[in-house]
Amino acid sequence: MPIENNSTFAPRYMKVTDLLAASKKTIISFEILPPTKGKSIESIFTHLNPLMDFKPAFINVTYHRAEQILKTRNDGTTEMVEIRKRPGTVGICAAIMNKYKVDAVPHLICGGFSKAETENALIDLDFLGINNVLALRGDAAKGEDVFKPNPQGHHYAEDLVRQIVGLNNGIYMEDDIIDGAKTDFCIGVAGYPEKHIEAPDLETDIRNLKRKIDLGAHYVTTQLFYNNQHYYNYLNKCRELGVNVPVIPGLKPISNQKQLTLLPKVFSIEMPTELQQEMMKANTPEACEAVGTEWLLYQCRDLLKNNLPVLHFYTLGKPMIIYNVLKQLF
Ligand code: FAD
């Protein structure tokens, strides 16, 4: 029986920067988290299926480092064990590209990884035809106050960018690999409109960002924000300091009152007074979600007025708020 060359089903495999350049209007992208260990890939598809109505240009999949936890055995004694609660980033990316024919962007982190493990992960991605990565440092491990790099790993995201750019030039860790195959990764990095929590000030943080770009990163995706003015100021400051690549705004709906204090604490961001007041007036979960929907809609409409190339949504937890917002926008 002849094998059918059904090219309509071939994945597109485009780089994020090419997707941005090719688009004539604002495009949509999503970030998802792998499910907790024990759940099936179907939980990802159930989460994504309604959102696929909006034809996202790409979907990011986060990476979660392993944690050390104290486990109590049946006999009452305890032992430290290492567990990865949300494994599967690379597999999910391949599954998304295969099922939806949409580009996937795996996140890669420094935390917990040696350079050799990172190189092997990049080789896996390359072989799978996944040519996009978001290069991140990762946060401190649970129970640690500050980020501690793996002794054989990277300290900052810029070191990871350097390694990926090296591989794009055929440079592998083993110096006896001559004429190594060149990968072709499009590299995204993180940016913080209200500065990264550890940075002394915004300018220093952007200068650190600029090093990642100068080393070869192609675009920036931002931390979430609820006051668009922070994003506009950040974009201006980036341009002023010589960061001229796309800066993709990251948006996450708020859906309950607890997040009013939790999100500023975790991400070191401002929660606008008006949003706080509206959320505090809401006295049912549905009313809280309605406030979150309205605020996200307001943020998106304002960003769209400025003809941004892409809106990137953190879909964790409440994909239907994003669905409802997009339904009203597009
Ligand atoms: P870096 O760029 O290394 O910066 C970290 C801090 O060090 C900053 O304060 C910076 O100003 C400073 N710095 C940088 N270089 C230097 C230098 N050479 N000397 C001195 N200071 C320096 N975390 C995960 O674990 N998994 C994920 O999937 C994930 N996805 C994310 C996606 C986005 C869009 C964003 C914004 C964050 C994400 N994070 C994720 C969180 C991220 O890992 C943390 O915010 C982390 O604390 C910083 O990562 P970074 O890549 O920005 O680090």
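All ligand and atom numbering here is 1-based and tracks the order in the structure. The basis for the numbers below is simple: all heavy atoms, side chains too, and nothing from hydrogens, waters or symmetry mates.
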I'd like to check which ligand 1 atoms, numbered from 1 as shown, lie under 4.0 Å from a non-hydrogen atom of D205. 8 (C), 9 (O), 10 (C), 11 (O)
Out of D159, N208, L33, I206, whose heavy atom is nearest to atom 13 (N) of ligand 1? N208
Given the side-chain rings of F225 and Y232, with only the six-membered ring counted for Trp, is the space between their centroids under 6.0 Å? no
Atom 17 (C) of ligand 1: closest protein heavy atom, distance to 0.1 Å, is R211 NH2, 3.2 Å
Can you sort out which atoms of ligand 1 are near Y314, meaning under 4.0 Å from one of its heavy atoms? 34 (C)
Atoms of ligand 1 close to I109 [distance to a heavy atom under 4.0 angstrom, numbered from 1]: 24 (C), 25 (O), 26 (N)
Pair R65 + E82: basic N to acidic O under 4.0 Å: no
Please say whether A157 places an N or O atom under 3.5 Å from an N or O atom belonging to ligand 1. yes
Just to confirm my output: which protein heavy-atom neighbour is closest to atom 30 (N) of ligand 1, and how far is it? H107 ND1, 3.0 Å
Carboxylate-amine/guanidinium contact K142 E67, below 4.0 Å: yes
So if I count the atoms of ligand 1 from 1 in the order they appear, which ones are less than 4.0 Å from some heavy atom of A199? 9 (O), 11 (O)
Nearest protein heavy-atom contact for atom 20 (C) of ligand 1: which residue, which atom, what distance? Y156 OH, 3.3 Å
Quick check on ring-ring contact (aromatic ring centres under 6.0 Å, His included): which of F330, Y100, Y323 does F54 satisfy it with? Y323
Atoms of ligand 1, numbered as shown, that sit under 4.0 Å from any heavy atom of G138: 25 (O), 43 (O), 46 (C), 47 (O), 49 (O)
When you look for heavy atoms under 4.0 Å from ligand 1, do you find them on the side chain of L134, its backbone, both, or neither? side chain
Heavy-atom side-chain contact between E79 and V81 under 4.5 Å: yes
Aromatic ring centroids of Y314 and H312 under 6.0 Å? yes
Looking only at protein heavy atoms, identify the closest one to atom 29 (C) of ligand 1 and say how far it is in Å. L136 CD1, 3.5 Å
Can you name the atoms of ligand 1, numbered from 1 with element, that are less than 4.0 Å from a heavy atom of A190? 35 (C), 36 (C), 52 (O)
Protein heavy-atom partner closest to atom 2 (O) of ligand 1 - residue, atom, separation in Å: K212 NZ, 2.7 Å
Under 4.0 Å from a heavy atom of Q223: which atoms of ligand 1 are those, numbered in the order shown and with their elements? 36 (C)
Using a strict cut-off of less than 4.0 Å between a Lys/Arg side-chain nitrogen and an Asp/Glu carboxylate oxygen, indicate whether D214 and R211 qualify as a salt bridge. no
Measuring to protein heavy atoms, does anything land under 4.0 Å from atom 4 (O) of ligand 1? no
Does any N or O atom in T62 lie less than 3.5 angstrom from one in ligand 1, N or O only? no
CG of N150 to CD1 of I109: how many Å apart, nearest 0.5 Å? 11.0 Å
Looking at R207 and E203, does any basic side-chain N land under 4.0 Å from a carboxylate oxygen? yes
Output yes when the distance from some N or O of ligand 1 to some N or O of E31 is under 3.5 Å, and no in every other case. no
Could you tell me if K252 sits above the aromatic ring of F313, with its cationic atom closer than 6.0 Å to the ring centre and no more than 45 degrees from the axis? no
Option whose closest heavy atom lies nearest to atom 48 (C) of ligand 1, chosen from F147, Y63, Y192: Y192
Which bit of E158 is near ligand 1, meaning a heavy atom under 4.0 Å away: side chain, backbone, both or neither? side chain
Quick one: does K305's side chain get under 4.5 Å of R301's, heavy atoms only? no
Which residue owns the protein heavy atom closest to atom 41 (C) of ligand 1, what's the atom, and how far is it? D139 OD2, 4.1 Å
State plainly whether the residues K15 and D184 are in salt-bridge range, i.e. N to O under 4.0 Å. yes
For atom 51 (O) of ligand 1, closest protein heavy-atom neighbour: R137 N, 2.9 Å
Rounded to the nearest 0.5 angstrom, the CZ-CG distance for F185 and D126 is 5.0 Å
Which ligand 1 atoms does H196 reach within 4.0 Å, using its non-hydrogen atoms? 5 (C), 6 (C), 8 (C), 9 (O), 45 (O), 46 (C), 47 (O), 48 (C)
Can you check whether L125 reaches P106 side chain to side chain, under 4.5 Å on heavy atoms? yes
